[in-house]
Peer 1: 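Quick one: the structure is below, and I'll ask about it shortly.
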2 protein chains.
Amino acid sequence: MPHTYEFPRPALTVDCVVFGFDGAGLQVLLIKRGIEPFLGTWALPGGFVRMEENLEEAARRELEEETSLRDVFLEQLYTFGDPGRDPRGRVVSVAWFALVHPEQHPAKGDTDASEAAWFHISDLPDLAFDHDHILTTALERLRGKIRYQPVGFELLPKRFTLTQLQALYEAILGRPIDKRNFRKKLLAFDFLIPLDEFTGGAHRPARLHRFDRRKYDTLVKKGFLFEL
Amino acid sequence: MPHTYEFPRPALTVDCVVFGFDGAGLQVLLIKRGIEPFLGTWALPGGFVRMEENLEEAARRELEEETSLRDVFLEQLYTFGDPGRDPRGRVVSVAWFALVHPEQHPAKGDTDASEAAWFHISDLPDLAFDHDHILTTALERLRGKIRYQPVGFELLPKRFTLTQLQALYEAILGRPIDKRNFRKKLLAFDFLIPLDEFTGGAHRPARLHRFDRRKYDTLVKKGFLFEL
DNA sequence: CCAAAAGTGTTCTGCGTACACCCATGC
DNA sequence: GCATGGGTGTACGCAGAACACTTTTGG
């Protein structure tokens, strides 16, 4: 074994910040820890990386084990490695950033071992480790990202109304948006497909739309830059 | 020791992608490896993280040890951890992204142990490990970042001409920019301070400017968004 | 006086923004 | 028929883009 191998090694974990949207506000999926340290405290889903899996596989595995979520939008966020961030010793965590459609939201009792629950970002409990810091970083990333990448669609049902889409942008950006301008701009890009389906409910039905990722990707290749 | 500690641990390293600009093109600082594996191959400066230092400290320490660079602009880039990226076994690397002013460029022979050299990004040698992949990721980040953050000034001398600044933007974005529009736009923001100093040389002297970070930060706080 | 780089203004077009009323449905 | 949310068009102002000539210096 070469010299370099004799360095003591930090432990390596992954943690996932899972965002959802309930029509009114942005939510985060947390689990209640079943082991020490921080037993009983809410925390980001995550755990130790295994030797044979890559980092994204580790994040997806932990996410499924702890929240039953699969096939979500997942992107690496940042790696947190300050000594002292874990009372057990040196633990470095590669944090991930996930977006889930409402159809994917796990039902209550869907997770076996640990308890999982959605929290509105304006009403969060105390979190284990430095998870509040990780969460803040993820939020900043989401707010920045939504303005120039079409990530909002990852948080909505596959078929959605323009009002839902607008509410999502308003929730994430934290400011009101003019309805007519919003619609005009988004429909001018032709990656939003109006469907011949409508919502039911107590009032005038709203037309459903879907996001056409293929058309979007085509536009991007032509040098198009999405911006809101 | 709790159960979690019994997991085998990957080794943890940091690697730095150091960008420079020589007036014509973008450059990267590489070191020639003095040890196996990949002995004699060019590689990103970097090395193992020590147990008592955080990740940024590790990156700065390795950078100084291997290239004599200090006090550079440094930002975390991405963490690379595929099994098999290092022939010695499982090694996860937290990659960093650095920008250095020409005044800071290390002179030849400035580095003791290892040989360091600048390479134009259009003329790179074969690299060790997955460092070509890391470098590509860093380049994408730089190209994206320069459009909405004033990182270009980190690559120029403290006092620079507008022509230099334009050449930098053209080199990074890979397209020509209209001189009058470029100047008009940048000078409209008042964070570019014209000095009463000029370049010498064979032709008409050019006025030097400096970037006023304080004014820039003030504007950002007011919700201003830089964009080019 | 010539070569080389610095510096400077105007016009046009398109996009962001502001803004108010009618429509369809369930109850 | 009324309450509720869905859906639509226009006018104005500003900022980006296109574009060519004069100035200053050294050799």
Side-chain angles (χ1 to χ4, degrees), chain A residues 21-25 146-148 150 156-157 159-171 173-210 219 222-228, chain B residues 21-25 146-148 150 156-157 159-171 173-210 219 222-228:
Chain A
F21 182 66
D22 70 353
I146 199 165
R147 297 190 51 184
Y148 61 94
L156 291 176
R159 301 172 314 145
F160 52 86
T161 69
L162 295 181
T163 303
Q164 284 178 303
L165 185 61
Q166 182 176 345
L168 171 63
Y169 273 85
E170 288 178 335
L173 298 177
R175 60 178 166 86
I177 300 174
D178 180 86
K179 182 164 58 160
R180 279 174 289 190
N181 294 336
F182 181 79
R183 288 165 182 245
K184 192 186 350 162
K185 173 152 191 179
L186 280 176
L187 291 174
F189 310 137
D190 64 345
F191 55 69
L192 228 48
I193 314 292
L195 304 173
D196 285 326
E197 299 171 82
F198 296 83
T199 53
H203 309 297
R204 173 172 176 178
R207 184 179 288 272
L208 292 166
H209 297 72
R210 66 181 181 82
L219 284 174
K222 287 181 190 155
F224 160 83
L225 194 64
F226 178 81
E227 210 165 335
L228 197 106
Chain B
F21 181 67
D22 68 353
I146 200 166
R147 298 192 50 183
Y148 60 94
L156 291 176
R159 301 171 314 145
F160 52 85
T161 68
L162 295 182
T163 302
Q164 284 178 303
L165 185 60
Q166 181 176 344
L168 171 64
Y169 274 84
E170 289 177 334
L173 297 178
R175 60 179 166 86
I177 299 174
D178 180 86
K179 181 163 58 160
R180 280 174 289 191
N181 293 336
F182 182 79
R183 287 164 183 246
K184 194 187 346 164
K185 174 151 190 178
L186 280 177
L187 292 174
F189 311 135
D190 65 344
F191 54 69
L192 227 47
I193 314 293
L195 304 173
D196 285 326
E197 300 172 81
F198 296 83
T199 53
H203 309 296
R204 175 171 176 177
R207 184 180 287 274
L208 292 167
H209 296 72
R210 67 179 181 83
L219 283 174
K222 287 181 191 156
F224 160 81
L225 194 65
F226 177 81
E227 210 166 332
L228 197 106

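The basis for the numbers below is simple: all heavy atoms, side chains too, and nothing from hydrogens, waters or symmetry mates. A note on names: the letters A, B, ... follow the listed sequences, proteins ahead of strands, and every chain is numbered from 1.
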Peer 1: A:Arg183: what forms a side-chain hydrogen bond (donor to acceptor under 3.5 Å, both in side chains) with it, not counting sequence neighbours?
Peer 2: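 A:Arg183 satisfies side-chain hydrogen bond (donor to acceptor under 3.5 Å, both in side chains) with A:Thr163 only.
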Peer 1: Atom CD1 in B:Ile193, atom CG in B:Leu208: separation rounded to 0.5 Å?
Peer 2: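 If I round to the nearest 0.5 Å, the distance is 13.5 Å.
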Peer 1: Test for a donor-acceptor pair under 3.5 Å between the base of C:dG16 and the side chain of A:Lys185, counting only N and O atoms.
Peer 2: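 Side chain to base: no pair below 3.5 Å.
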Peer 1: Write down the distance between CG (A:Asn181) and P (C:dC15), rounded to a whole number of angstrom.
Peer 2: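 Whole-Å distance recorded here is 13 Å.
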Peer 1: Within this structure, what is the CZ-CG distance for the pair B:Phe182 and B:Leu162, rounded to the nearest 0.5 Å?
Peer 2: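 The CZ atom of B:Phe182 sits 7.0 Å away from the CG atom of B:Leu162.
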Peer 1: In whole angstroms, how far is the C1' atom of C:dA6 from the CZ atom of B:Arg183?
Peer 2: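 Distance, rounded to whole Å: 6 Å.
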Peer 1: Taking heavy atoms of chain A and a 4.0 Å limit, find me the 5'-most and 3'-most nucleotide of DNA chain D within that range.
Peer 2: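 Footprint of chain A along DNA chain D, 5' to 3': D:dT4 to D:dT10.
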Peer 1: State which residues pass ring-ring contact (aromatic ring centres under 6.0 Å, His included) with A:Phe189; sequence neighbours excluded, sorted by chain then number.
Peer 2: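 A:Phe189 satisfies ring-ring contact (aromatic ring centres under 6.0 Å, His included) with A:Phe191, A:Phe224, A:Phe226 once adjacent residues are dropped.
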Peer 1: Closer than 3.5 angstrom, by distance alone: can the side chain of A:His209 be matched with the main-chain N or O of A:Arg207 as a donor-acceptor pair?
Peer 2: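 Yes: the side chain of A:His209 pairs with the backbone of A:Arg207.
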Peer 1: Mapping A:Asp178 and B:Thr163 onto DNA chain C by nearest heavy atom, which one lands closer to the 5' end?
Peer 2: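 Final value for this comparison: B:Thr163.
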Peer 1: Using whole Å, what does the distance between atom P of nucleotide C:dA5 and atom CZ of B:Phe182 come to?
Peer 2: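 To the nearest whole Å, that distance equals 18 Å.
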Peer 1: From NZ of A:Lys179 over to P of C:dA20, roughly how many Å is that when rounded to an integer?
Peer 2: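 Spelled out: NZ on A:Lys179 to P on C:dA20 is 13 Å.
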Peer 1: Kindly compute the distance separating CG (A:Leu165) from CG (A:Leu186), expressed to the nearest 0.5 Å.
Peer 2: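 Output value for this atom pair is 6.0 Å.
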Peer 1: To the closest 0.5 Å, what do you measure between CZ (A:Phe160) and CG (A:Leu192)?
Peer 2: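 One gets 4.5 Å once the value is rounded to the nearest 0.5 Å.
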Peer 1: On DNA chain D, check which nucleotide each of A:Lys184 and A:Leu208 is closest to and give me the residue with the more 5' one.
Peer 2: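 Checking each residue's closest nucleotide, the 5'-ward one belongs to A:Leu208.
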Peer 1: Please check this pair: side chain of B:Asn181 against backbone of B:Lys184, looking for a donor-acceptor N/O pair closer than 3.5 Å.
Peer 2: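 No; zero donor-acceptor contacts below 3.5 Å.
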Peer 1: Test of understanding: with side-chain hydrogen bond (donor to acceptor under 3.5 Å, both in side chains), list the residues that count as partners of B:Arg147, not counting sequence neighbours.
Peer 2: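 Residues passing side-chain hydrogen bond (donor to acceptor under 3.5 Å, both in side chains) with B:Arg147: none at all.
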Peer 1: Within residues 200-207 of chain B, which residues have any heavy atom lying less than 4.0 Å from an atom of DNA chain D?
Peer 2: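 Going residue by residue through residues 200-207 of chain B, the ones with a heavy atom under 4.0 Å of DNA chain D turn out to be B:Gly201, B:Ala202, B:His203, B:Arg204, B:Pro205.
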Peer 1: Does any residue of residues 187-196 of chain A have a heavy atom under 4.0 Å from DNA chain C, and if so, which ones, in number order?
Peer 2: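 Of all residues in residues 187-196 of chain A, none places a heavy atom under 4.0 Å from DNA chain C.
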Peer 1: Can you measure from CG (B:Leu228) to CD1 (B:Ile177) and round to the nearest 0.5 angstrom?
Peer 2: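 B:Leu228 CG to B:Ile177 CD1: 5.5 Å, rounded to 0.5 Å.
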Peer 1: Looking at OG1 of B:Thr161 and CZ of B:Arg159, how far apart are the two atoms once the value is rounded to the nearest 0.5 Å?
Peer 2: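 Here the rounded value is 11.5 Å.
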Peer 1: How close or far is atom P of C:dA5 from atom CZ of B:Phe198, stated in whole angstroms?
Peer 2: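 The distance from CZ of B:Phe198 to P of C:dA5 comes to 19 Å, rounded to the nearest Å.
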Peer 1: For a quick check, tell me whether the side chain of A:Arg180 and the base of C:dA20 share a donor-acceptor pair closer than 3.5 Å.
Peer 2: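 For A:Arg180, whose side chain was compared with the base of C:dA20, there is a donor-acceptor pair (under 3.5 Å).
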